[in-house]
Amino acid sequence: MITILYRLYQLFIAAPLILIATIITGVVTITGCTLGNGHFWGYYPGRLWSQFIVRVLLLPVRVEGRDNLEEGQSYVFVSNHQGAFDIFLIYGFLGRNFKWMMKQGLRRMPIVGAACQAAHHIFVDKSGPSKIRKSYEQARQTLSGGMSLVVFPEGSRSFSGHMGKFRRGAFMLADEIGLPVVPLTINGSVNVKPREKDLYWVFWHPLKLTIHQPVKPIGQGPDNIRHLEETAYTTIMSALPEDLQGYEENPDQ
């Protein structure tokens with residue numbers, strides 16, 4: 001009975017409100033970034049939109065570790081990728097202005113894609129080596145300008161909640177610029193919106209974001225890249241429930 005009521009609530013109350021909020025957020029972001037400060041308008045409307053979506057769907061959120069971040073310090077944030085709600089959890093509750101590195105396909109999403117482009121989030125185009133290099137050059141400029149970056153190194157959502165392998169791009173960027181890497185562990189997103197049920201309902205489940213201690217560079221070069229990647233991977237996995245720990249191959253990688 002509770003499940004039926006929650007689905008009726010989603011259909012008749014939450015979904016219309018989310019649609020209206022998405023349109024308003026998109027228009028405000030595009031207009032603000034065009035006419036004003038792109039760092040401000042590229043972040044705060046999206047942050048409020050993400051918080052609204054989580055709240056209107058009645059999903060509890062718990063955040064741990066915000067005190068691990070230093071004021072004014074740029075970071076490369078790397079997170080496991082459990083599901084679609086990872087975006088809302090990080091955008092809404094990390095509490096740090098940043099740019100996303102996201103799939104090129106998201107550019108085609110109505111309203112959201114145009115807003116992300118106006119906000120100068122970074123679309124990773126994998127259609128060829130030159131396009132990939134261009135994406136990473138944009139990310140390099142973003143970090144060099146003092147902004148933080150959020151990356152899902154797995155590159156694709158998990159099917160089960162387990163972690164797949166990491167790609168090295170984010171760690172190479174951090175190494176080149178000498179920035180700390182901050183591991184983020186997301187729990188619960190795979191239960192809220194399981195990947196194999198993308199076209200169905202949102203399922204009620206608590207969400208948790210753990211912000212770990214920054215992983216500081218130990219130098220520069222291959223050893224440091226390996227250090228950043230391996231430390232981030234094991235740190236993220238350590239905060240997952242025991243039944244989700246351990247590597248699981250993701251066919252989308």
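By convention here, the first residue in the shown sequence is residue 1. It should be emphasised that the depicted structure is a prediction, and the values quoted were computed from it without experimental measurement. Computed over heavy atoms, backbone and side chain alike; hydrogens, waters and symmetry mates excluded.
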Q: Report yes if the side chains of I186 and L209 come closer than 4.5 Å at any heavy-atom pair, otherwise no.
A: yes
Q: Examine V190 and V54 and state if one hydrophobic cluster contains both, with Ile, Leu, Val, Met, Phe, Trp and Tyr joined whenever side-chain heavy atoms are less than 4.5 Å apart.
A: no
(Q) Surrounding CD of E196 (heavy atoms of other residues, nucleotides or ligands, distance under 6.0 Å), is the total greater than 12? (A) yes
Q.
Less than 3.5 Å apart, any donor N or O on the side chain of S156 or H81 sitting next to an acceptor on the other?
A. no
Could you pull out every donor-acceptor pair under 3.5 Å between side chains of residues 45-53 and any protein atom, sequence neighbours left out?
from : atom 1 : to  : atom 2 : distance (Å)
W49  : NE1    : T22 : OG1    : 2.9
S50  : OG     : G46 : O      : 3.0
Q51  : NE2    : G92 : O      : 2.7

Q. Between M147 and N97, which heavy-atom pair has the shortest distance, and what is it?
A. SD-O, 3.6 Å
Q | hydrophobic_cluster_shared for F88 and V56, side chain cutoff 4.5 Å | A | yes
(Q) Side chains of S189 and L89, heavy atoms from C-beta outward: is any pair under 4.5 Å? (A) no
**Q.** Distance, nearest 0.5 Å, that separates CD1 of I23 from CD1 of I18
**A.** 12.5 Å
Q) Would a 4.5 Å heavy-atom cut-off, applied to side chains only, mark L69 and R96 as touching? A) yes
(Q) Give me the atom names and distance for the closest heavy-atom approach of A118 to C33. (A) O-CB, 3.4 Å
Q | Flag side-chain contact, heavy atom, 4.5 Å: R55 against V61 | A | yes
Q. So with a 6.0 Å cut-off around CD1 of I4, is the heavy-atom count from everything else above 12?
A. no
**Q.** Any side-chain heavy-atom pair of F159 and P251 under 4.5 Å
**A.** yes
Q. Are more than 12 heavy atoms from other residues, nucleotides or ligands located less than 6.0 Å from atom CD1 of I2?
A. no
Q. Roughly how far apart are S160 OG and N250 CG, rounded to 0.5 Å?
A. 8.0 Å
Q.
Around atom NZ of K208, are there more than 12 heavy atoms from other residues, nucleotides or ligands closer than 6.0 Å?
A. yes
Q: Begin from the C-alpha positions of V112 and C116 and carry the test side chain to side chain contact (heavy atoms under 4.5 Å, CB included) through to its verdict.
A: CA-CA 6 Å; V112 173; C116 288; 4.1 Å; yes
Q) Distance from N187 atom CG to R62 atom CZ, nearest 0.5 Å? A) 10.0 Å
Q) For the side chain of K99 and the backbone of A119, is there at least one donor-acceptor N/O pair under 3.5 Å apart? A) yes
Q. Would you call the rings of Y233 and F166 parallel, tilted or perpendicular if under 30° counts as parallel and over 60° as perpendicular?
A. perpendicular
Q: Report yes if some heavy atom in the side chain of M163 is under 4.5 Å from a heavy atom in the side chain of L240; otherwise report no.
A: yes
**Q.** Nearest atoms (heavy-atom pairs only) where I122 meets A139
**A.** CD1-CA, 3.4 Å
**Q.** Joint hydrophobic cluster, I218 plus V76, side-chain heavy atoms closer than 4.5 Å
**A.** no
Q: Determine the minimum heavy-atom distance between L58 and Y6, stating which atoms define it.
A: CD1-CE1, 4.5 Å
(Q) Between F85 and V202, is the side chain to side chain contact (heavy atoms under 4.5 Å, CB included) condition met? List the steps. (A) CA-CA 10 Å; F85 272 71; V202 169; 4.0 Å; yes
Q | Note, F123 side chain near K103 side chain (heavy atom, < 4.5 Å) | A | no
Q) Between atom OH of Y91 and atom CG of D86, what is the distance when rounded to the nearest 0.5 Å? A) 15.0 Å
Q) Is there a side-chain contact between L57 and Q10, using heavy atoms and a 4.5 Å cut-off? A) yes
Q) Do the two ring centres, one from Y43 and one from W100, sit under 6.0 Å apart? A) no
Q. In terms of the angle between their ring planes, are F98 and H121 parallel, tilted or perpendicular, with boundaries placed at 30° and 60°?
A. tilted
Q: Enter the distance from Q82:CD to K193:NZ here, rounded to the nearest 0.5 Å.
A: 15.0 Å
Q.
Filter on side chain to side chain donor-acceptor pair (under 3.5 Å), then keep only pairs touching residues 23-42, sequence neighbours left out; what's left?
A. none
Q.
Tell me whether R140 is salt-bridged to E176, with the criterion being a basic N under 4.0 Å from an acidic carboxylate O.
A. yes
Q | Single-linkage hydrophobic cluster I20~I111, side-chain heavy atoms < 4.5 angstrom | A | no
Q.
Checking D175 against Q220: is there a side-chain donor and acceptor pair closer than 3.5 Å?
A. no
(Q) Count I, L, V, M, F, W, Y as connected when their side-chain heavy atoms are under 4.5 Å apart, and connections chain through other members. Are F203 and I13 then in the same cluster? (A) no
Q) Can you tell me how far the CG atom of N68 sits from the OG1 atom of T210, to the nearest 0.5 Å? A) 10.0 Å
(Q) Before you tell me yes or no, could you show the steps for V182 and V78 under side chain to side chain contact (heavy atoms under 4.5 Å, CB included), namely the whole-Å CA-CA distance, both residues' side-chain angles and the distance that decides it to 0.1 Å? (A) CA-CA 6 Å; V182 178; V78 295; over 6 Å; no
Q. Which pair of heavy atoms, one from I236 and one from H212, lies closest together, and at what distance?
A. CA-NE2, 4.2 Å
Q.
Assess the residue pair L94 and V150 against the criterion (side chain to side chain contact (heavy atoms under 4.5 Å, CB included)); give the C-alpha distance rounded to whole Å, side-chain angles, the decisive distance to 0.1 Å, and a yes or no.
A. CA-CA 10 Å; L94 178 61; V150 173; 4.3 Å; yes
Q) Which heavy atom in S79 sits nearest to a heavy atom in E154, and how many Å separate them? A) O-OE1, 4.2 Å
Q) Is atom CE of M172 surrounded by more than 12 heavy atoms (other residues, nucleotides or ligands) closer than 6.0 Å? A) no
